[in-house]
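Here is the structure we will look at, set down as structure tokens.
Every chain is numbered from 1 and lettered A, B, ... according to where its sequence line falls, protein lines coming before strand lines.
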Protein chains: 2
Amino acid sequence: MRVSDRTVPTLRDVANAAEVSVGTASKVLSGASGVSAERARRVWDAARRMGYRRNGIAADLRRGRPTSIGLVLPDLTNPFFVDIARALETHALQHGYQLILAHAGEDPERETERIRFVMSRQVAGMIVIPCSGYQRAQHAIAEARECHVPLVMADRVDDTFPANTVTTNSRSASAEGTAHLIALGHKRIAFLVNTLKLVNSRERAEGYMDAMHNANLDTYVSVVECGMTAAQSHAATLKILSGSMRPTALFTGCNVTTLGALRAIRDADLRIPLDVSLLSFDDAPWMSVLRPYLTSIRQPVEAIGHAIWQLMLKLLSGQQDECVHLSFTAELLVRESTAHAPAETAVSG
Amino acid sequence: MRVSDRTVPTLRDVANAAEVSVGTASKVLSGASGVSAERARRVWDAARRMGYRRNGIAADLRRGRPTSIGLVLPDLTNPFFVDIARALETHALQHGYQLILAHAGEDPERETERIRFVMSRQVAGMIVIPCSGYQRAQHAIAEARECHVPLVMADRVDDTFPANTVTTNSRSASAEGTAHLIALGHKRIAFLVNTLKLVNSRERAEGYMDAMHNANLDTYVSVVECGMTAAQSHAATLKILSGSMRPTALFTGCNVTTLGALRAIRDADLRIPLDVSLLSFDDAPWMSVLRPYLTSIRQPVEAIGHAIWQLMLKLLSGQQDECVHLSFTAELLVRESTAHAPAETAVSG
DNA sequence: CTGTTAGCGCGTTCAT
DNA sequence: ATGAACGCGCTAACAG
């Protein structure tokens, strides 16, 4: 008989040791009232002495009212998602909910797996930022809906999705950013996007095209799909920069893409904004250390996180039946990485 | 009678609908063998039709053998921790374990709360990188030990801690980095550290002092505690750079500190490495886009993640009784942000 | 191969 | 105020 066989003390063990019934012990340890001070003390003592740890799983199971919320994120490397997670966790904790974080790593299969896992944990609600658009996640999402689990989806979804959604108005923000570039005299503006399979990325690309079209610059439109990783974006940008008729401005569709593009610009030995202007959709902490400071489009992360949580609360309390679609406005932060387009002669030289 | 009253189907419901016993249904749905193809198909059909979702919590409870591992992280903003999480999640999934991620946000109280939550979820094991050294987490950690839950601690711990630990040899790496600076002719080297309350930060500071001492530079030793956030590090660095006898080199103790210091250098309009050299303990993806590319000390993240998991596996299978202390060696990556110290006259001028 | 049954640890009636 | 007993959804052990 090994020492490790000594099983962890259960509620019954504590009750026995304190010489009270399990019912009484349960009341004391779950903080309910209606127990004499004397017996309550005995229970606490016994619990502490035996190193009792309440089995939250069993409690949830019995109560049938889970206390945790699942959050499935596509990529922890992206500060935007991390900020969302931080905001949500704070809100959840304040309302007595625990957040179960799951990480899909931009892998659709793993995402499905993670969603199923979270569901199997009997969460009270689920918040999902899908990793490959809802086309792929569709199946797992449908399962969640069938189980009547309150579901909020964010960021990489749009209003047509049959779930509660919280998004950023990517299209108009992107158009505004592009207009800013055009106003500076740029014509050859390339738009770098991770993948057009992602709804929000697609919207950003559309916003770019809207603005180009409005300025009669259709012939200059150049949307380049360059993959989900910084390494891929790096390679793609390198190719763009080395081609003839190099763009005078780059508009990167997200955080990660920006990172890769910057590496390429660095490798190509180009100066920002003298040789090429750069506008980034998505802000990130590290951008502030760059010289020049990057001009970027910032999504209102806190507001988005707050909205997601408020929506979830309503859903949890049953105050909300039909699907709601919330949209937020991103903000263009003009800083130092965008400047007037170089004169044509300078470019060709 | 509201529609939402319709309860989610349970294993028994499925069994009834498929006209088999719960035992049979359980076997089918948990992928066990020993059921005729015909009945198995009936069960699957019924399950699909009714939108059955297995209650993993109840299963774990009954089986008494949990399938999830808790991971408590101090800060998702720091790429180092995120990399660890990614590595661990991959390993865990490959071995049939699910990772429950919890985030302390560098807040000791929340950390305690999160550790308790993870414990209450009856995890098979727990991995924690403490947020304020083990002094503060001590209590929650002790609880974990009392419950005989396999525990691996990493990064911000040392060999004296009564738990399994996986660490980086911060002290020697830091000494090596400092020596590199000294070899370049630097004397006034300031060491910026988040807080000396963190063991690993303290070790890094000690390594710095070791090297300074070996070079008879004791009078130049300057260790500055500047807090956990980039904003605080920014402010501290600004003060250092504006003082008389400005250091010719800065050695930042971690990722976040580096970020703040860079902002300050930018604000002070100083050139790296002409005016000031910069060495960063911890590498990060965004450093590669800087001009100049930062010289840094890189911890072997993958190896560390792998080691943590291997240790956890041994613990889970009961092959490991006493505490193990693993240590890894960090690597100095000399790049462009460290150069020869400017001549004395140039500095004072 | 299949069905029956006894709990896993806990919260919650309902008597007392 | 207190304790006994039931069952949450599921698995495992056993009997057929």
#### Entry: Summary of side chain to side chain donor-acceptor pair (under 3.5 Å) pairs that have at least one residue in residues 20-38 of chain B, sequence neighbours excluded
S21(B)-T24(B), E38(B)-R42(B)
### Message
Over 60° means perpendicular and under 30° means parallel, so tell me whether H95(B) and W309(B) are parallel, tilted or perpendicular.
### Response
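Rings of H95(B) and W309(B): tilted, 30 to 60°.
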Using atom [atom1] of [X] as one end and atom [atom2] of [N] as the other, report the distance to the nearest whole Å.
X: L29(A); N: dG9(C); atom1: CG; atom2: C1'; value: 13 Å
X: R42(B); N: dC1(C); atom1: CZ; atom2: P; value: 15 Å
X: Q122(A); N: dG9(C); atom1: CD; atom2: P; value: 19 Å
X: K27(A); N: dA1(D); atom1: NZ; atom2: C1'; value: 7 Å
X: R65(A); N: dT12(C); atom1: CZ; atom2: C1'; value: 12 Å
X: M50(B); N: dG9(D); atom1: CE; atom2: P; value: 13 Å
X: R12(A); N: dA4(D); atom1: CZ; atom2: C1'; value: 13 Å
X: I57(A); N: dC10(D); atom1: CD1; atom2: P; value: 14 Å

### Query
Any Lys/Arg nitrogen of E106(B) or R156(B) sitting under 4.0 Å from an Asp/Glu carboxylate oxygen of the other?
yes
### Side-chain donor/acceptor of R62(B) to base of dG7(C), under 3.5 Å
yes
What nucleotide among [options] has an atom nearest to a side-chain atom of [X]?
X: T10(B); options: dG9(D), dG3(D), dT2(C); value: dG9(D)
X: R63(A); options: dG9(D), dG11(C), dT2(C); value: dG11(C)
X: V20(B); options: dG3(D), dG3(C), dG9(D); value: dG3(C)
X: S21(B); options: dC10(D), dG3(C), dC10(C); value: dG3(C)

Hey, does the side chain of [X] come within less than 4.0 Å of [N]'s phosphate (OP1/OP2), counting only N and O?
X: R39(A); N: dT2(D); result: yes
X: S26(B); N: dA12(D); result: no
X: T24(A); N: dG3(D); result: yes
X: S30(A); N: dC10(C); result: no

### Message
Between L61(A) and G34(A), which residue's closest nucleotide on DNA chain D lies nearer the 5′ terminus?
### Response
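Counting from the 5' end, the first nearest nucleotide belongs to G34(A).
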### Task
Could you tell me whether R12(B) atom CZ has more than 12 heavy atoms of other residues or ligands within 6.0 Å of it?
no
### Message
Within the supplied structure, the quantity of interest is the number of heavy atoms (other residues, nucleotides, ligands) at a distance under 6.0 Å from R86(B) CZ; does it exceed 12?
### Response
no
### Task
Measure the angle between the two terminal helix axes of the helix from dC1(C)-dG16(D) to dT16(C)-dA1(D), five base pairs each, and quote it to 10°.
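The end axes of the helix from dC1(C)-dG16(D) to dT16(C)-dA1(D) are about 40° apart, to the nearest 10°.
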### Query
Do any N or O atoms from the side chain of D13(A) and from the backbone of T10(A) form a donor-acceptor pair under 3.5 angstrom?
yes
### Message
Looking at Q320(B) and K314(B), would you say the former's side chain and the latter's main chain have a donor-acceptor pair under 3.5 Å?
### Response
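No; zero donor-acceptor contacts below 3.5 Å.
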### Task
Between N55(A) and V22(B), name the one whose nearest nucleotide on DNA chain C is closer to the 5' end.
V22(B)
### Message
Applying a 4.0 Å non-hydrogen cut-off, can you work out what G23(B) is touching in the nucleic acid: base, sugar-phosphate, or nothing?
### Response
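Result for G23(B) = base.
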### Query
Knowing that exactly one of I308(A), V166(A), V118(A) qualifies, which makes a side chain to side chain contact (heavy atoms under 4.5 Å, CB included) with I127(A)?
I308(A)
